[in-house]
Amino acid sequence: MLHLPYLPHLAYLFAFLLVSALAALLLQHRRLRRQEVRIKVLVHQSKQLVQALQHSQAEVRSLERQRRDLSERLTDDANKRRRTEARLRQLIVLDDELAQAQASANQSGFSDTVPMALEELTRRA
C-alpha cells in the first residue's frame with residue numbers, strides 16, 4: 001500500500017474548501033433571496049404607481065372636459081349677454097324715437113300720427 005504522509009492534510013484541506021464553498025453558496029443564496037424580495041416589492045410599487053398614474057390621467061381628462069364645457073357655457077353666456085345688450089340698445093333708441101315722435105306730434109297738434117309711429121317702431125323692433 002502506498003503511504004502518503006500528507007493525505008490527512010489534503011483531506012482537511014478538501015473539507016475546508018468544501019465547507020467554504022458551501023458557506024459561499026449559502027451567502028450567495030441569501031443575497032439572491034433578498035434581491036428577489038426587493039424586486040417583488042419594486043414590482044408591486046411599480047404596479048401601484050401605474051394604477052395611480054392611470055387614475056390621474058383619467059382625472060385630468062375629466063377636468064379638461066369640464067373646463068371645455070365651462071368655456072363653452074361662458075362663451076354662450078357672453079354671446080347671449082351681447083345680444084341682450086344690443087337688443088337693449090335698440091329698445092333705448094326706439095324709446096328715444098318714440099319720445100321724439102310724441103313730442104313732435106304734440107307740438108304740431110297731430111296726435112293721430114303717434115299710433116302710426118308706434119306701429120312703425122314696433123315693426124322695426
Side-chain angles (χ1 to χ4, degrees):
M1 184 113 192
L2 187 60
H3 183 279
L4 300 171
Y6 51 87
L7 190 59
H9 296 293
L10 284 177
Y12 286 125
L13 180 62
F14 179 74
F16 174 75
L17 290 175
L18 182 64
V19 168
S20 296
L22 288 174
L25 283 174
L26 180 63
L27 289 174
Q28 183 67 20
H29 177 71
R30 286 183 180 168
R31 245 183 261 124
L32 289 174
R33 288 294 287 163
R34 279 192 299 251
Q35 287 177 351
E36 182 183 2
V37 168
R38 276 190 224 125
I39 288 171
K40 285 181 180 179
V41 167
L42 289 173
V43 166
H44 179 70
Q45 289 174 343
S46 296
K47 287 179 182 178
Q48 287 178 330
L49 288 173
V50 166
Q51 287 176 345
L53 177 63
Q54 289 171 343
H55 178 72
S56 295
Q57 288 173 336
E59 194 171 330
V60 165
R61 284 191 298 271
S62 172
L63 290 173
E64 286 175 347
R65 198 174 319 110
Q66 289 177 3
R67 183 193 54 80
R68 255 191 328 271
D69 292 346
L70 287 175
S71 177
E72 288 174 7
R73 285 175 47 196
L74 283 174
T75 302
D76 291 345
D77 289 349
N79 290 337
K80 285 179 186 177
R81 183 181 47 83
R82 278 196 228 62
R83 285 193 300 270
T84 302
E85 288 173 350
R87 181 74 176 139
L88 183 60
R89 283 192 296 275
Q90 285 177 342
L91 290 174
I92 290 171
V93 167
L94 290 176
D95 190 43
D96 289 344
E97 288 178 4
L98 176 63
Q100 288 175 358
Q102 284 177 339
S104 172
N106 288 340
Q107 286 178 355
S108 62
F110 298 108
S111 61
D112 53 341
T113 59
V114 173
M116 188 181 296
L118 282 174
E119 288 175 10
E120 180 184 335
L121 289 175
T122 55
R123 268 184 272 142
R124 286 162 103 200

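Remember, predicted model here, so these are calculated numbers, not experimental data.
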Give a yes or no on whether a salt bridge exists between Arg68 and Glu64, defined as a side-chain N under 4.0 angstrom from a carboxylate O. no
Rounded to the nearest 0.5 Å, what separates atom CD in Glu72 from atom CG in Leu70? 9.5 Å
Is there a side chain to side chain contact (heavy atoms under 4.5 Å, CB included) between Leu91 and Asp95? Walk through the geometry before answering. CA-CA 6 Å; Leu91 290 174; Asp95 190 43; over 6 Å; no
Between His55 and Gln51, is there a side-chain donor-acceptor contact under 3.5 Å, judged purely by atom types and distance? no
Say you draw a straight line from CG of Leu22 to CG of Leu26; how long is it, rounded to the nearest 0.5 Å? 8.5 Å
Taking the side chain as every heavy atom from C-beta outward, state whether Val93 and Glu97 have any pair of such atoms under 4.5 Å apart. yes
d(Leu53 CG, Leu49 CG) to nearest 0.5 Å is 8.5 Å
Closer than 3.5 angstrom, by distance alone: can the side chain of Ser62 be matched with the main-chain N or O of Ala58 as a donor-acceptor pair? no
Run the salt-bridge test on Glu85 and Arg82 with the 4.0 Å N-O cut-off and return the result as yes or no. no
Please check this pair: side chain of Ser20 against backbone of Phe16, looking for a donor-acceptor N/O pair closer than 3.5 Å. yes
Quick one: does His9's side chain get under 4.5 Å of Leu13's, heavy atoms only? no
CG of Leu74 to CG of Asp69: how many Å apart, nearest 0.5 Å? 11.0 Å
For Gln100, is there any backbone N or O sitting under 3.5 Å from a side-chain donor or acceptor partner on Ser104? no
Would you say Arg31 and Gln28 are linked by a side-chain donor-acceptor pair, where the criterion is simply a distance under 3.5 Å? yes
Working note: Arg34 + Arg38, criterion side chain to side chain contact (heavy atoms under 4.5 Å, CB included); need CA distance, chi angles, decisive distance, verdict. CA-CA 6 Å; Arg34 279 192 299 251; Arg38 276 190 224 125; 4.1 Å; yes
